[in-house]
Amino acid sequence: MHQIEPQNLLQLPNWKCTLGCPILDRLLDGGIPCNSVTEIVAESGSGKTQLCLQLLLSAQIPLSRGGLGAASIYIHSEFPFPSRRLKQISLSLLSSSSNNPLDRIFVQGALTPEELLVLLDRAEYLISGSANDSFPIKLIVIDSIAALFRSEFDNTPTDLKRRSSLFFKIAAKLKLLARKFNLAVVVSNQVTDLVGSGDGANSLRVGNYGALYSSGRRVCPALGLSWASCVNSRVFLSRTDEVVNTGGEGEEIVQTRRKMQVVFAPHLPESSCEFVILREGVFGVNF
């Protein structure tokens with residue numbers, strides 16, 4: 001079994017992958033770091049899958065423009081795979097490319113944590129074999145980790161122990177691949193509602209914020225503190241629906257505002273910015 005070793009990201013090579021937007025890149029000090037595991041946490045409809053798809057494409061941008069000049073691996077646990085949306089974003093982000101950008105993305109589905117571990121073993125051979133290609137693999141995206149643990153485990157000591165063991169095996173493998181091949185690794189995660197006073201394990205502060213809110217609800221990242229210790233950085237996407245105008249006959253016009261927040265990262269301060277989701281992709285907003 002691979003052991004998770006402490007890492008000082010401040011001493012690692014400073015290669016980063018652009019998010020395809022200068023404002024979002026500025027928030028993350030250049031983008032998603034290599035040699036590291038970055039988690040994107042959000043409730044459904046906040047934009048985490050959209051951002052994951054955009055990263056698959058922005059990884060192909062040349063190094064001189066902030067990308068990795070590389071191919072990527074996308075492992076999805078939510079079905080079906082959003083191929084139409086990926087193609088739509090590619091027409092905007094990589095419109096000048098003479099090759100089909102979708103040919104540089106390796107896609108595979110997984111239904112269980114064990115399937116994911118098998119795929120990561122296969123990915124190691126694939127990444128190693130691509131090292132001398134003009135577009136080597138430099139990005140792994142898993143969307144989402146929480147869905148793999150959705151229904152397989154009960155709230156018993158035995159199942160909780162098994163679940164934590166799988167967390168650590170997955171995290172160790174991801175960090176091994178990131179370090180061995182200088183990859184950027186991105187894992188999306190879901191949220192759960194935090195009910196009551198928030199006493200207990202979920203009330204412990206993890207990162208820059210004592211509480212996280214989305215859609216007017218207090219939420220916390222799924223999978224708890226065991227999983228939180230497995231990632232190097234955590235970014236939280238939230239959404240808020242606001243009534244901005246009342247149309248004719250009492251019709252309400254609702255606007256959705258979205259925010260990206262750095263929950264914790266060894267190389268980033270507490271910071272946030274708003275963003276929008278357009279046909280062309282995900283973009284930060286300046287005010």
For V231 and T38: C-alpha separation, side-chain torsions, deciding distance, then whether side chain to side chain contact (heavy atoms under 4.5 Å, CB included) applies. CA-CA 6 Å; V231 299; T38 301; over 6 Å; no
Identify the two heavy atoms, one from [X] and one from [Y], that lie closest to each other, and give their separation to 0.1 Å.
X	Y	result
W227	R234	CD1-NH2, 4.2 Å
L119	G109	CD1-O, 3.6 Å
R218	A211	NE-CB, 3.5 Å
S144	A147	OG-N, 3.4 Å
K138	N182	CD-O, 3.8 Å
S233	A265	OG-CB, 3.5 Å

If we only count heavy atoms from C-beta on, is the [X] to [Y] side-chain gap below 4.5 Å?
X	Y	answer
S188	T49	no
I40	N189	no
P269	V262	no
I170	P113	yes
I105	L57	yes
V41	K48	no

Taking everything shown except [X] itself, do over 12 heavy atoms lie less than 6.0 Å from its [atom1]?
X	atom1	answer
F79	CZ	yes
R122	CZ	no
D103	CG	yes

Check against side chain to side chain contact (heavy atoms under 4.5 Å, CB included), V285 and I23: CA-CA 7 Å; V285 177; I23 297 174; 5.7 Å; no
Taking [X] for the side chain and [Y] for the main chain, is one N or O donor matched with an acceptor at less than 3.5 Å?
X	Y	value
S128	Y125	no
S229	S226	yes
S46	E43	yes
S130	I137	yes
S165	K161	no
E39	V235	no
Q88	R84	no
Q54	V282	yes
N232	V37	yes

Do K16 and D29 sit within salt-bridge range, that is, some charged N less than 4.0 Å from a carboxylate O?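 Salt bridge flag = yes for D29 with K16.
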Rounded to the nearest 0.5 Å, what separates atom [atom1] in [X] from atom [atom2] in [Y]?
X	Y	atom1	atom2	result
Q261	S214	CD	OG	9.5 Å
I127	D133	CD1	CG	12.0 Å
I140	F106	CD1	CZ	12.0 Å
L24	F283	CG	CZ	9.0 Å
I75	L148	CD1	CG	9.0 Å
R217	S238	CZ	OG	11.0 Å

Report whether [X] and [Y] are members of the same hydrophobic cluster (ILVMFWY, side-chain heavy atoms less than 4.5 Å apart, transitive linking).
X	Y	value
Y213	V263	no
L117	I73	yes
V187	F236	yes
V107	V186	yes
L56	L68	no

May I have the step-by-step check of side chain to side chain contact (heavy atoms under 4.5 Å, CB included) for I61 and S58, ending in yes or no? CA-CA 5 Å; I61 294 173; S58 59; 4.0 Å; yes
Ring-face cation contact, F135 with R104, 6.0 Å cut, 45° max: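 Ring-cation test returns yes.
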Could you check R163 against E114 for salt bridge (Lys or Arg N to Asp or Glu O under 4.0 Å), going step by step and ending with a plain yes or no? CA-CA 11 Å; R163 189 178 78 155; E114 291 82 2; over 6 Å; no
Side chain to side chain donor-acceptor pair (under 3.5 Å) contacts in which one or both residues fall within residues 71-81, not counting sequence neighbours: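 Residue pairs with at least one partner in residues 71-81: Y74-D143, E78-R150, E78-Q190.
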Go through the steps to decide whether R26 and N286 satisfy the test side chain to side chain contact (heavy atoms under 4.5 Å, CB included), and finish with yes or no. CA-CA 11 Å; R26 190 160 56 245; N286 275 324; 3.6 Å; yes
Report the C-alpha separation of K180 and E124 in whole Å, then their side-chain angles, then the decisive distance to 0.1 Å, and conclude whether the salt bridge (Lys or Arg N to Asp or Glu O under 4.0 Å) test is met. CA-CA 10 Å; K180 182 176 180 180; E124 184 169 3; 2.8 Å; yes
Candidate list R257, R258, K259, R239, test salt bridge (charged side-chain N to carboxylate O under 4.0 Å, His left out), partner E274, passing option: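 That would be R257; it is the only one of R257, R258, K259, R239 passing the salt bridge (charged side-chain N to carboxylate O under 4.0 Å, His left out) with E274.
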Pick one: which of L212, L237, V219 meets side-chain contact (heavy atoms from CB on, under 4.5 Å) with V191?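 Of all the options given, the one that passes is V219.
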